[in-house]
Amino acid sequence: MKTMIRKFCPQSWFVTLLLFAVIGVIAFYQFARAAESPGARVTALVQDVRLLSSHTAPRPASINDNITVGTAVRTGTESRAELTFIDQTLTRLGANTVFSLTGGAHTVDLGSGAMLICVPKSGGTAIIKTASATAAVTGGIALLESHPKAANAPSKYIVVEGDGWIKFAQVSDRCSLHAGQMVIWPPPPPTIAPNM
């Protein structure tokens with residue numbers, strides 16, 4: 001029987017060390033990406049607030065529930081919810097509101113109802129999509145109300161603080177708004193941009 005003796009080879013240690021370094025960098029990148037992923041946490045509840053998921057039946061929301069893409073929040077009559085994003089962006093949902101997260105970290109969908117969003121100065125821009133318009137606010141506070149299924153119910157977008165814009169589905173231009181300005185539109189949505 002022949003005994004094989006392996007000699008010390010500095011190249012094999014270098015390759016092994018390099019492999020572990022690459023695995024460490026990939027793991028760190030995945031961890032950092034997960035921390036920046038779009039998502040919010042339920043921080044306050046009043047009355048009937050439910051989480052809706054395409055994979056499970058609706059269930060009552062609880063404090064500290066995580067809201068991710070694919071999960072919607074629905075508030076009942078005389079109910080409210082508060083959601084806090086990772087960057088401390090705060091969203092408050094009024095009664096009879098349906099809210100969900102879409103693609104980006106600050107892109108949300110307001111199916112119906114009313115919401116107040118407060119984006120920190122360093123938080124960037126939050127984009128809110130509704131059936132008839134897309135609105136945004138940068139480093140400030142905005143209120144958006146939309147009731148697409150209610151007959152003759154007007155929709156509103158108010159910039160309380162900071163700067164924002166609104167773009168209607170049938171209009172190619174967007175309208176800039178500054179603190180204290182608002183746009184109110186009846187159904188159906190406008191076909192020309194508001195003049196501010």
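- Between the T102 side chain and the T107 main chain, a donor and an acceptor come within less than 3.5 Å of each other.
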Test log, rule side chain to side chain contact (heavy atoms under 4.5 Å, CB included), inputs T130 and L144 = CA-CA 9 Å; T130 69; L144 185 63; 3.5 Å; yes
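- L93 CG to I117 CD1: the interatomic distance, rounded to the nearest 0.5 Å, is 9.5 Å.
- Shown here is R80, whose CZ atom has no more than 12 heavy atoms of other residues, nucleotides or ligands within 6.0 Å.
- Following chains of ILVMFWY side-chain contacts shorter than 4.5 Å, one cannot reach W165 starting from I184, and the two form parts of different hydrophobic clusters.
- Residues T71 and L101 form no side-chain contact, since every pair of their non-hydrogen atoms from C-beta on lies 4.5 Å or further apart.
- Not a single donor-acceptor pair under 3.5 Å links the side chain of T84 to the backbone N or O of L90.
- When every heavy atom of G164 is checked against every heavy atom of Y157, the shortest pair comes out as CA-OH, 4.0 Å.
- Both V69 and V73 belong to a common hydrophobic cluster when Ile, Leu, Val, Met, Phe, Trp and Tyr are linked at side-chain heavy-atom distances under 4.5 angstrom.
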Could you give me the CA-CA distance, side-chain angles and deciding distance for T68 and N66, then say whether side chain to side chain donor-acceptor pair (under 3.5 Å) is met?
-> CA-CA 6 Å; T68 57; N66 287 319; over 6 Å; no
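- Note on V171 and W185: same hydrophobic cluster, where clusters join Ile, Leu, Val, Met, Phe, Trp and Tyr whose side-chain heavy atoms are under 4.5 Å apart, directly or indirectly.
- Between I128 and M115, the shortest heavy-atom distance links the atoms CG2-SD, 3.8 Å.
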Step by step, work out the side chain to side chain contact (heavy atoms under 4.5 Å, CB included) result for I63 and L45.
-> CA-CA 7 Å; I63 298 293; L45 299 168; 4.1 Å; yes
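- Rounded to the nearest 0.5 angstrom, I141 CD1 and E161 CD are separated by 4.5 Å.
- Within the 4.5 Å cutoff, the side chain of L83 has heavy atoms near those of the I67 side chain.
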Decide yes or no on side chain to side chain contact (heavy atoms under 4.5 Å, CB included) for D48 and T77, but give the supporting numbers first.
-> CA-CA 7 Å; D48 181 30; T77 304; over 6 Å; no
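- Interatomic distance, OG of S172 versus NZ of K167, reported as 6.5 Å (0.5 Å rounding).
- A side chain to side chain contact (heavy atoms under 4.5 Å, CB included) with R74 is found for one member of L51, T97, L52 and no other, namely L52.
- In this structure, L110 CG and S100 OG are separated by 9.0 Å, a value rounded to the nearest 0.5 Å.
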Would you please test V159 and Q181 for side chain to side chain contact (heavy atoms under 4.5 Å, CB included) and show each step?
-> CA-CA 6 Å; V159 176; Q181 292 183 315; 5.6 Å; no
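- Counting all heavy atoms, side chain and backbone alike, G124 lies closest to V119 at O-CG1, 3.3 Å.
- Separation of atoms CZ (R50) and OG1 (T75) is listed at 12.0 Å; rounding is to 0.5 Å.
- Side chains of H106 and T125 form no contact here, defined as non-hydrogen atoms less than 4.5 Å apart.
- Nearest heavy atom pair, residue I127 against residue A136, reads CG1-CB, 4.2 Å.
- In this structure, L143 and E145 have side chains that are not in contact, with every pair of non-hydrogen atoms separated by 4.5 Å or more.
- Counting all heavy atoms, side chain and backbone alike, E78 lies closest to Q47 at O-CG, 3.1 Å.
- Minimum heavy-atom separation, P148 to G111: CG-O, 3.4 Å.
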